[in-house]
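Scroll down for the structure; my scribbles are underneath it.
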2 protein chains.
Amino acid sequence: MRWNEIDTQVCSVARALSVVGDRWTLLILRDCFTGVRRFDAMQKSLGITRHRLSDRLVRLVDSGVLNKVPYQERPLRHEYRLSEMGKELYPVVLSLAHWGDKWLDDGDGAPIQHVHNNCGHVVRSVLACSECGEALEPRAVTPQVGPGIMRKHERGEMGEQDAERLPPFVKGPVA
Amino acid sequence: MRWNEIDTQVCSVARALSVVGDRWTLLILRDCFTGVRRFDAMQKSLGITRHRLSDRLVRLVDSGVLNKVPYQERPLRHEYRLSEMGKELYPVVLSLAHWGDKWLDDGDGAPIQHVHNNCGHVVRSVLACSECGEALEPRAVTPQVGPGIMRKHERGEMGEQDAERLPPFVKGPVA
DNA sequence: TTCGTTAGTTCTAAATTGGAACTAACTATA
DNA sequence: TATAGTTAGTTCCAATTTAGAACTAACGAA
């Protein structure tokens with residue numbers, strides 16, 4: 001399977017990665033979250049080639065993650081800003097940062113700290129349950145077949161390949 | 001800059017992505033979280049080539065994200081299990097899944113739902129502050145220079161390139 | 001003896017990437 | 001008016017990476 005077909009999988013992680021799973025893309029978004037918005041600034045901060053950056057920005061704009069907005073006319077210049085869709089990737093980026101802080105520390109501690117304005121503390125991020133507010137541990141979460149799979153199955157749109165790719169907890173007529 | 005030099009950047013996101021930022025790697029980890037542990041099962045579920053999968057698994061084991069443990073002898077067979085380091089990527093994977101659910105829905109709803117055993121609800125994940133428990137919004141978080149950058153700077157180890165790559169909020173002698 | 005299972009490795013053509021130079025449309029300065 | 005500077009790209013080619021398919025190895029079962 002080619003990477004550009006990955007979004008045909010019946011899986012939200014696969015679909016999400018079809019948009020932001022490229023090597024450089026999440027680093028570009030990291031820059032957006034730290035206030036880097038312009039082409040040359042991104043290119044310098046990332047060390048990506050101009051060609052790659054240009055290509056990735058076009059894709060991110062096309063997929064709705066970034067908006068390209070003019071910040072001056074004559075000469076016309078644009079900057080790249082996170083859309084609402086893009087802003088909601090904050091949990092992904094911050095989780096990655098904190099995971100890197102913890103596990104890939106080179107002994108000097110976190111390069112960047114995050115202060116929560118509301119409480120004033122340097123924070124880590126914690127994944128919490130939207131319903132009860134408790135921390136979400138992998139062992140305390142049970143995945144189950146959702147409407148996305150059920151409806152496709154009912155309409156007979158689950159191909160043989162799709163069915164084979166379902167996770168092992170999926171039982172019964174669907175798998 | 002080549003991708004295999006990306007972990008030299010003074011940035012935890014870059015370092016994290018040097019380990020899990022490959023196109024297929026987060027999908028492999030998704031499989032691990034849903035209980036897929038064996039080579040052939042992963043290959044089928046992902047649609048990745050056997051060669052790629054083999055290579056990625058070796059890297060993930062080398063970097064400590066997965067453990068390769070025997071599940072039978074004669075013939076000797078191994079399975080791949082998340083280490084503690086790997087399990088702590090759960091926030092990244094679950095956030096990606098929920099982002100995909102919300103923004104890349106094809107109209108049928110989430111393919112997979114997550115039920116929180118503690119409260120019994122189908123949940124979304126929310127990023128919360130480790131100190132006060134409130135939801136962490138990007139606007140309510142102030143990034144600042146952490147010990148990782150300061151110590152490197154004090155030891156004179158911040159090269160010119162490193163300094164140029166620091167985010168715009170970093171001011172003063174460091175940048 | 002032959003088939004099936006699991007976990008890979010090898011090979012080649014095709015696609016993607018990095019690096020460096022080049023273009024375009026302006027503005028600022030001498 | 002000539003020259004340099006800024007910003008945001010595009011073009012080109014060599015080098016690297018990937019997909020797809022076939023092959024290998026070590027064993028167990030019929």
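Values below: all heavy atoms of this structure, side chains included; hydrogens, waters and symmetry mates excluded. Throughout, a chain's letter reflects where its sequence line sits, starting with A, and its residues are numbered from 1. Model, not experiment: these values are computed from the prediction.
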What is the distance, rounded to the nearest whole Å, between atom [atom1] of [X] and atom [atom2] of [N]?
X       : N      : atom1 : atom2 : result
A:Gln43 : D:dT10 : CD    : P     : 14 Å
B:Arg52 : C:dA14 : CZ    : P     : 18 Å
A:Trp3  : C:dT17 : CH2   : P     : 12 Å
A:Asp55 : C:dA15 : CG    : C1'   : 13 Å
B:Leu53 : D:dG20 : CG    : C1'   : 15 Å
B:Arg74 : D:dG28 : CZ    : C1'   : 12 Å

Between [X] and [N], is there a side-chain N or O to OP1/OP2 distance below 4.0 Å?
X       : N      : value
A:Ser54 : D:dT10 : yes
A:Thr49 : C:dG19 : no
A:Arg56 : C:dT16 : no

Margin query: Clusters formed by hydrophobic residues whose side-chain heavy atoms approach within less than 4.5 Å: which one holds A:Tyr71, and what are its other members?
Written below: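 Traced through the cluster, A:Tyr71 reaches no other member.
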
Notebook entry, point to check: Where do B:Ser83 and B:Asn67 land on the side-chain hydrogen bond (donor to acceptor under 3.5 Å, both in side chains) test, with the steps shown first?
Noted result: CA-CA 6 Å; B:Ser83 66; B:Asn67 293 135; 4.9 Å; no

Check: Which comes earlier along DNA chain C counting from the 5' end, the contact point of A:Arg2 or that of A:Ile48, where each point is its nearest nucleotide?
Finding: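 Looking at the nearest nucleotide for each, A:Arg2 comes out on the 5' side.
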
Item checked: Reference residue B:Met42; test side-chain contact (heavy atoms from CB on, under 4.5 Å); the match among B:Ile48, B:Leu57, B:Leu27 -> B:Leu57

Margin query: Let me spell it out: for each of A:Met1 and A:Val58, pick the nucleotide of DNA chain D with the closest heavy atom. Which residue's pick is nearer the 5' end?
Written below: A:Val58

Using the 3.5 Å cut-off, write out each protein N or O paired with an N or O of nucleotides 4-8 of chain D and the distance between them.
unit_1: D:dT7; atom_1: O4'; unit_2: A:Arg77; atom_2: NE; d: 3.4
unit_1: D:dT7; atom_1: O3'; unit_2: A:Tyr71; atom_2: OH; d: 3.3
unit_1: D:dT7; atom_1: O2; unit_2: A:Arg77; atom_2: NH2; d: 2.9
unit_1: D:dA8; atom_1: OP1; unit_2: A:Tyr71; atom_2: OH; d: 3.3
unit_1: D:dA8; atom_1: OP1; unit_2: A:His78; atom_2: O; d: 3.0
unit_1: D:dA8; atom_1: OP2; unit_2: A:Phe39; atom_2: N; d: 3.3
unit_1: D:dA8; atom_1: OP2; unit_2: A:Asp40; atom_2: N; d: 3.4
unit_1: D:dA8; atom_1: N7; unit_2: A:Arg50; atom_2: NH2; d: 2.8

Note to self: Less than 4.0 angstrom from a charged side-chain N to a carboxylate O is my criterion; do A:Lys152 and A:Asp162 meet it?
What the structure shows: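 Salt bridge between A:Lys152 and A:Asp162, a charged N being under 4.0 Å from a carboxylate O: no.
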
Margin query: Could you check whether A:Asp40 pairs with A:Lys44 (Lys NZ or Arg NE/NH1/NH2 to Asp/Glu carboxylate O, under 4.0 Å)?
Written below: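 Result for this pair is no, no salt bridge flagged.
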
Note to self: Side chain of B:His51, heavy atoms from C-beta onward: which of C:dT27, C:dC11, D:dG9 has the nearest atom to it?
What the structure shows: C:dC11

Notebook entry, point to check: B:Tyr90 vs B:Phe33 aromatic rings, parallel, tilted or perpendicular, using cut-offs 30° and 60°?
Noted result: tilted

Margin query: Test of understanding: with ring pair (Phe, Tyr, Trp, His ring centres under 6.0 Å), list the residues that count as partners of B:His116, not counting sequence neighbours.
Written below: none

Next item on the list: Quick one: list whatever passes ring pair (Phe, Tyr, Trp, His ring centres under 6.0 Å) with B:Phe39, sequence neighbours left out.
Entry: none

Notebook entry, point to check: Of the residues in residues 8-28 of chain A, which ones touch DNA chain C at a heavy-atom distance under 4.0 Å?
Noted result: A:Asp22, A:Trp24

Check: Which residues pass the salt bridge (Lys or Arg N to Asp or Glu O under 4.0 Å) test with B:Arg56, sequence neighbours left out?
Finding: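 B:Arg56: salt bridge (Lys or Arg N to Asp or Glu O under 4.0 Å) contacts with B:Asp22.
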
